[in-house]
Q: 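Sharing a structure here in structure tokens format.
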Amino acid sequence: MNFLKLDPLMVKRLQRFRRIKRGYYSFLILVILFVISLFSEFIANDRALIVNYEGKLYFPTFKFYPMAEFGQMDEYGFDDVEADYHGLKTEIATLKAEFKDRMETWDGSAAELLESEPRFQRKDNWVLMPMIPFDPYEPDFSYDEPPPNAPDGRHWLGTDGQGRDVLARLLYGFRISMTFALALVVISQTFGTIIGSFQGYAGGWFDLYSQRFIEIWGTLPFLYVVIILTNFFTPSAKMLLIVFALFNWLGITYYMRTEMYREKTKEYCLAARSYGASSMRVMFKHLLPNCLTPLVTFTPFLIVGAIFSLTALDYLGYGLPPPTPSWGELIDQGLQSDNRDKIWLSMSPFAAISFTLILVTFVGESVREAFDPKQYARYK
Amino acid sequence: MTSPILQVEDLKKYYPIRGGVIARKVADVKAVNGVSFDLYPGETLGLVGESGCGKSTLGRTLMRLEEPTGGRVLFEGKDLAHAKGKELFDLRAEIQMIFQDPYSSLNPRLPVRDIVIEPLEVHKMGTASERLDKVVALCRRVGLKEEVIGRYPHEFSGGQRQRVGIARALALEPKVIVADEPVSALDVSVQAQVINLMVELQKELGLTYIFISHDLSVVEYISDSIAIMYLGRIVETGKKETIFSNPTHPYTRALISSVPNPDPRKRRVQVAIEGETPSPVNPPSGCAFHPRCPFAVEACKKDVPALESFTQTDDPRHNVACIRKDEIEPHFKN
Amino acid sequence: MPLLEVKGLKTEFRIEEGVVHAVDGVSFHVESGETLGIVGESGCGKSVTAMSIMRLIPDPPGHIAGGQILWKGKDILSMPDDAMPDLRGNEIAMIFQDPMTSLNPVFTVEKQLGEVLEKRFGLKKEGARARAVEMLEQVGIADPSERIKAYPHELSGGMKQRIMIAMALMCEPDLLIADEPTTALDVTVQAQILHLMKKLQEKVGAAVILITHDMAVVAETCDRVAVMYAGRVVEFCDVYRLFEETKHPYAFGLLKSIPKEGLTKEDSLATIEGIVPSLIHPPTGCRFADRCFKARDRCRSEDPQLRDVGDGHLTACHFPIEEGDE
Amino acid sequence: MLKKLLMAGLVVALAPAVTATMAGAVDVSSIEWETNMDDPMIGNPDAKQGGTWKTYMLSYPLTFRLQGPDSNDSFAGWNRAFTMDFTLVALHPVTDNFIPRLATHWKVMDDNRTIYYKLDPDARWSDGEKITADDFAFCYEMMRSEYIVDPFYNTYFEEYYESVEAVEEYVVKIVGTKESWRPLYDYNLWPMPEHVLAGGLNETWVQDHNLKFQVGAGPYTVSKTENGQRVVFERQRPWWGDDKQYFKGLYNVDEVDIKVILDADRAFDHFKKGELSYQRITTAKTWAQDMEFDSIKKGWVHKKRVFIDYPQGMYGFAMNLQDPLFSNKDFRKAVQYSFDFDELNKNLMFGAYFRGVSAFEGTAYENPNLKPYGFDPKKAREHLAAAGFTKRGKDGIFVREDGTRASFTLTYGSPGLTRHMTVAKQKFERLGIEMELLLLEAATAFQRGLEREYQMTIMSRTTNLYPAPHQYFSTEFLDTTNNNNIWAFGNQHVDGLIDIFRFDMDEQKRVSAMHEIDAIIQDEAFYVPFWQAPFVRMVYWDHVEWPKGFLPRRFEQITDWQVMSIDVEKEQALKAAMKAGKAYTRDEVVDVDGWGVKAKMMQAKGEASN
């Protein structure tokens, strides 16, 4: 769209934004983290990244390989359940060590091992696990104590009440929160902008009645609506997104409406109309690009709001359906009376959400400053 | 005498005043209240009045930027006031506007090239390269160098911006240009440049201007004929010379003598007129000027005086809306 | 000793693009009871000069970088901060271009006037009210005892400006600075307000600095004139001399570009070509040189100082206008 | 709690009544009265008397009424224990036989709905007045009165009682609306003090009695209140019931001091400080991990897990037999074998619970021979194959030839179960079955269950000593929804067995019919029992003493504070010991299994790890 083209004013604002170090670096960190989180499957997963087994390379990240593929068998004698990559890695390491031992004895038993162990035909087998070798769903009950287990070398941030890796859940939760927030912002901003623009541009009856409607709509209690809707619809990310969007578009209409009201009286708008430009052209080519300041400056704060609300809803249990990795759900676990002594459960999502929200807020403040620089003067 | 290019007949623009929750209409503001005049090709009509008199609204209503409440605007016989759709779209090309504020009249997000090319795009005139050629030519004509057309409005001074505005108005090759206070936001030295440009363009392209202004000295310079507005109505029209040498309506007289003279030796000692223009929301009865008029009589409070030909001067287009126009002493400029 | 003497005043504003030298070495003086016009085009620094005198430069981004402002011989710039409120209003009053924004919209006229009266003169409520009504009457507001109850938005622009004048003159200051007091007003009202100011000035005996861009207003009201261009005073003289024996090419061009009576479209208007130089990176030498029809090499290298060209007529030009220049 | 019991009874009573023969007028003097003085004593006759039982409630009562608005808060249990719990007869908490309470004798007439009760002439109200038959008639009248603003009692008495009559001063005649095979259970009643209440039963009764203490038949009366803070009950000594066989050794303390503590966690802290005498431990985590505090180590506080034997109700997964997937018995069995209870119990519940197996858990009708399915991937795989799921899809989930995936949605309403369900989900997934989780608001989840709008759900139903198989397994409810037959199960054979249970007067036949139903239900595999907790976990200070076996077998019939006693001397000694920091020998025995419940659980159902 036209307004995405960078005019010098926008370029200047962006330059100004870049100069505000705190906000700019926060923005970079957020973008980098978000991009990294888009590849979460390669970072936190209990499926190996790459397996080199008997001369063949496997990339199990998104593919199901049965145990049979790697000559494994589970305790019940099945080999078509999903391969155990942790186990495979250990087995290979053990076999290698044993082979090495036998080689040292020079008694030929090394060769025997090679022959007798069909799963070790080649010495160069290896398994590359992701940095965090756990996915956010699979419980790890390998500890003596029941979960939640405290942080250690295996689970850097410990496990949650169901033995799931907290770090993995934080990572996936970040991706979900950010994606959700961004999608929400795009949807509600677009919708709100269109409605608000029409209100401001058309004015008159449309404005009057839509404004009354927005005022009434705005008084609906969001949480109750969510609770009621969960009774009619299966709660899902899509449904939550729609419900959030239904309430979130209101805010921006106020600003777009006022901006439009103000801008449309400016003479360049009259000029465009005077040579017969259509209303759509006037609105979207001329007015909208000049009304974007609130849109841009509010976006970070909307993101903050969206992340926060989503976390709050998850915390209350009306958010994303289980077992979706979610910060709110982790905080809920952490704050349950059972887990009050398991501080990693509440502290890590708390730290994550604070960190993210602070970064977004820094970005927001800087964007606002960049778009609307004001110096506070005093008189002597 | 040639026939008028634009005939305005009893043009009205009322704004409703709304009240209550459902915004019911409770009254009207009669911003333009029955204005009629003829505009002849190649001439400049100076439309003069003080703030709130309706002159800008009149200009915008002529442009159909405001929907007229009543009356007709005939452009070469076609009624611009009631035209719709394609007809209106085509008529728009014939009559263009120059705006007052060189800062807000140009979209700050578009470079000059895009601003000037817009009307051509909207009217789908020529190919893309023809349009661009035309834009370059237009910019040159208004005194902008070709290399600046990629720049954005904020990189220009007020005078240059107004040139861009003029180029945009000329893009569609209109016959009539409504200039709404085109120089009042400019510094004096720049004002002269813009006025000179407008005059040159008029000579060259045979343009017809409606020049809306509150500045009598500028109007006196540029206009061929003048219409004086007071509270939504025209109170006096006539050739420039007639109006300045023989102002007849008491308001015209007051207005002219209120203008400070740029000569310290000709200081006035008396104030020509007391009081201020009343609010158009609640205008006085009868002749709207009567509360301030030194010649007012009882009858002035009753009826709205018609704009009638004033025969004491030899100007056939000299019309005055005053019931005492024939009794008032002739006025000569000091 | 002049009432007010401004010597080499420099006021700067720091903005993103750099430092704007809005006022760059301005000097002039005002005598008791006289009307000094400061005239110039937008951005020439005339309003900043006025604000500097009142020490009302918003800081940041602005600050006064140099010079002296001697008020009755004392330097305003070195006065302590807490002395300023007393000086403002009591000794120097100011009225602004936009009377719409100079009054507090949430208080009635009575309250706003009354506050000043109670503070400055220790009047009780009733006394203050009577005095306020009297003041309004003086500035020509009809039915003042009713009007005094009005809120600013209920008043017309002219009336508000009258009230501002009333407030400014209430304390009987020695100097009134009027910054474009009639620019926002209709021409008929402008005539009234200028007339009123003149009348009241005579009555109170105050000196006036009238800041305007309108040469005709200057001609109408001022005794002496300082013409400013790009942050500097280029001509400082008696009003008659300015109009009749203009020395600086800028002032000359300015006067010529006003459409004169009797000119027609056939005669093109005199113009000053070019644009005002940037105040962030002003050119060396004379700042008007690029637009000046008399400019020579010297003008571009050497900064002309304000000098007396006879009878106290000061101009900052190496080659002042002589008779016959067009 | 009482309301719940009444509700369960109501459900049972909806069964069509067998034609009743009207009992004609009976001469009271000719009645051959029955009684039961042969059962063992409930209390400990040697229990020490005196002391103060310090306990808590979660909120200060809004009212001291037991009927009408706001009358069901946490204080009401106490209030009821001294008033409404004094019914004509009671169930013996160990033998399940009826024993005298306010009535010394009773006679059930042949129509099985008319009962004569002979009152104990010693019985007195707490204000000293005699308790007479009129007080029962008045109770009947009052419970039906609109002035009490209590629709539950109004309806209940309207539907259950035909009449309550004072035949003589000490003889009450109750006629129920339907014939019953347990008339003493159905047509029991408590008295209301007519001499106190009769005058005031009008429009303002609710307001008038908001803050009036009940005059009751019980041994305690309110002696002190601090608004918003505490209520103290004081033992009447002497009390008319002191020497009655089934009251002896009960109600041993002089004072019951009930303090307001806003949540159970804080109450535990109060307990640790010695401000409460006793605390039930309701979470497995606390029991497993927070029980090594100082006072326990020093032997001043004892912890016990006391096994009791009380009907548990059905609790577990329910499958919708009308769902295409679950209509396949093999698939149902595959799910049964895929559910790893032990993993959940061990890792998420501290191994604290037992697996249920019977549909009639804890009642006399449960089939003792049933064994739970248990986690068995091999069998699960066999049944999956039999159900047509022979091939794994790309994502590891089994698919049929026609493309049907072994995938279903679990609908549930308790957020607390999410942790168990997500673990179970992972396990299912590994075995090739996909279970999507759908957490709904509790009421919605319940409603979807009743309307059979689910594939699998988690059901939880309370029961009493008499299960209601008709409600749950009868074909009568197959074609309608909104009933307890949420799985849409039923067949002729089971219907027949249910009728035996409902109408046959032979207890033995009833029991074997129920055993057969139980076995059929297990074989049909549409109910996956989840955990059971047949015990009370408690901690108490050393001076609190208990009868042998601690709590009666049917615990819910009589509560902990009624049977324990406080040894004031030991209390003094403990105080001194604590002051001196002197440790006692620690009582290492934790489990108290006076009724063989644990043994039975361990043997029949197997306990994961305990």
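Letters A, B, ... are given to chains in the order of the sequence lines, protein chains preceding strands, and every chain is numbered from 1.
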Q: Heavy-atom pairs under 4.5 Å with chain D: which of A/P66, A/P139, A/G77 has the most?
A: A/P139

Q: Checking D/E436 against chain A: side chain, backbone, both or neither under 4.5 Å from a heavy atom?
A: neither

Q: Does any heavy atom of chain D fall under 4.5 Å from the side chain of A/Y65, the backbone, both, or neither of them?
A: neither

Q: Does some side-chain heavy atom of D/R381 sit less than 4.5 Å from a side-chain heavy atom of A/D80?
A: yes

Q: Would you mind checking which part of A/D341 comes under 4.5 Å of any heavy atom in chain D, side chain (CB onward), backbone (N, CA, C, O), both or neither?
A: side chain

Q: Given a strict heavy-atom distance threshold of 4.5 Å, which part of D/F268 is in contact with chain A: side chain, backbone, both, or neither?
A: neither

Q: Please tell me if the side chains of D/L437 and A/P321 come closer than 4.5 Å, counting only heavy atoms from C-beta onward.
A: no

Q: Name the region of D/K425, side chain, backbone, both or neither, that has any atom closer than 4.5 Å to a heavy atom of chain A.
A: side chain

Q: Side chain, backbone, both or neither: which part of D/P377 has a heavy atom under 4.5 Å from chain A?
A: both

Q: Is it the side chain or the backbone of A/E145 that comes within 4.5 Å of chain D heavy atoms, both, or neither?
A: side chain

Q: In terms of heavy-atom proximity below 4.5 Å to chain A, should D/D265 be classed as side chain, backbone, both, or neither?
A: side chain

Q: What part of D/T283 gets closer than 4.5 Å to chain A, counting heavy atoms only: side chain, backbone, both or neither?
A: side chain

